[in-house]
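Lettering of chains follows the sequences in order, A, B, ..., and the numbering in each one begins at 1.
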Number of protein chains: 2
Amino acid sequence: MNIQAPTRPGTTSAAAAAIERELIELFVHVADLVGLPRSVGELYGCLFIASSPLTMDDLMRRLGLSKGATSQGLRLLRSVGAVRTVYVPGDRRDHFAAERELRPLVAGFLREKVLARLRNSAERLEAVRAVLREVDPAERAVLDDRVRRLARWHQNARQVLPLLLKVIEP
Amino acid sequence: MNIQAPTRPGTTSAAAAAIERELIELFVHVADLVGLPRSVGELYGCLFIASSPLTMDDLMRRLGLSKGATSQGLRLLRSVGAVRTVYVPGDRRDHFAAERELRPLVAGFLREKVLARLRNSAERLEAVRAVLREVDPAERAVLDDRVRRLARWHQNARQVLPLLLKVIEP
DNA sequence: CCTCCTGTTCATTTATTTTTGAACTCGATG
DNA sequence: CATCGAGTTCAAAAATAAATGAACAGGAGG
């Protein structure tokens, strides 16, 4: 007979279950806000709430997701540092736990999803500047102004991001 | 060494046109980053670059968009304060100009697209708290912790947003 | 080596979002 | 008060993103 702590898995009351669903829904909204698929919000929400690490199978059952979606969602969450795997002795399966502090979460997201794009934009802008030098000066005036404005936008963005992290308390 | 197309007076050279396309592409990427459709990025980009206000018809022609998409895109851009209409004497048509300063742009976006969601989340969290009081204390412990954490996330978000605006120079 | 168990991959299906275009509203104008 | 030009709306089509699930890879244990 496989005995688990009786308080945890089977005994959630209807009210507690409703709260869990509502909280997960909240994470789904956050995911949507930052442009991530619903399933990713559900996965993170489920792990955020859980009182101990869960396996892929736990998540699939609780959320009714397919294997593929679960695997890919977890991969994304790990890539931004929102979820980590936890070793559980005597169990070959991966166990996943949520990073519940806001700061590393935001940091990971900015690093992986925003900073990459910023770098890309910087390169494009630089390329544009190079071509712009070849353009006849009479025609160049307006474009010059626009490119300069964009460069300032970019500079602002780079200033703000680290500051943002500093403000979010650990 | 670059070979340039000869420029005729009153026309944009090939190089200048290429730069405009590249800049618009850049705005499309930004739009994508913040979860707005490509057409909205194109519209804003076109207006950002333009040396004078453009009509809906100008935009449709330059970008190859349909009337509907142009109208709706401009509406969205106006709703976040990214674009305003300019009166041109003797022309019944609306003329559109881009807001080119970063601060009001970000402010408008946060106000219309982010703050509304934050308020929504606050309500949901409050509702959850209410239900949580009804739950049997033994079962409540973990959920209580999770809800408290989320409330802190929320508080952090509300602190950061105004600060963010303060940092972006006028 | 074979089998079982986990987890990944990816072509296909499904769902969602975006765009189109024709019908419509509205006001100005003859 | 009929018509025109400008702009909006919205059902339908097209494009895009996400989810599914079966095939696959790899490793532990026999």
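- Hydrophobic cluster membership is shared by A:Val167 and A:Leu165, with clusters built from Ile, Leu, Val, Met, Phe, Trp and Tyr side chains linked at under 4.5 angstrom.
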For this session: Please test A:Val80 against A:Glu99 for side chain to side chain contact (heavy atoms under 4.5 Å, CB included), starting from the C-alpha separation and ending with a verdict.
Result: CA-CA 10 Å; A:Val80 302; A:Glu99 168 57 66; over 6 Å; no
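- The CZ atom of B:Arg61 sits 11.5 Å away from atom OG1 of B:Thr70, with the distance rounded to the nearest 0.5 Å.
- Taken together through direct or relayed side-chain contacts under 4.5 Å among Ile, Leu, Val, Met, Phe, Trp and Tyr, B:Leu118 and A:Leu105 form part of one hydrophobic cluster.
- Distance CG (B:Leu65) to C1' (D:dA15): 14 Å, rounded to an integer number of Å.
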Sub-3.5 Å pairs of nitrogen or oxygen atoms, protein against nucleotides 12-16 of chain C:
none

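- Across all non-hydrogen atoms, the minimal contact from B:Arg100 to B:Ala50 is NH2-O, 2.8 Å.
- A side-chain hydrogen bond (donor to acceptor under 3.5 Å, both in side chains) with A:Asn120 is found for one member of A:Glu123, A:Arg117, A:Arg124 and no other, namely A:Arg124.
- Residues A:Cys46 and A:Leu54 have side chains in contact (heavy-atom distance under 4.5 Å, counting atoms from C-beta outward).
- When side chains are defined from C-beta on, A:Glu134 does not count as touching A:Arg140, because their heavy atoms never get closer than 4.5 Å.
- Residues of residues 35-43 of chain A that place a heavy atom closer than 4.0 Å to DNA chain D, in numerical order, are A:Pro37, A:Ser39.
- Under the side chain to side chain contact (heavy atoms under 4.5 Å, CB included) test applied with B:Leu161, the options B:Leu115, B:Val106, B:Asn156 reduce to a single match, B:Leu115.
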For this session: Go along nucleotides 2-8 of chain D 5' to 3' and tag each nucleotide: B for a protein heavy atom under 4.0 Å from its base, S when only backbone or sugar atoms are that close, - otherwise.
Result: ---SSBB
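- Ring orientation note: the planes of B:Phe27 and B:Phe48 are tilted relative to one another, at an angle of 30° to 60°.
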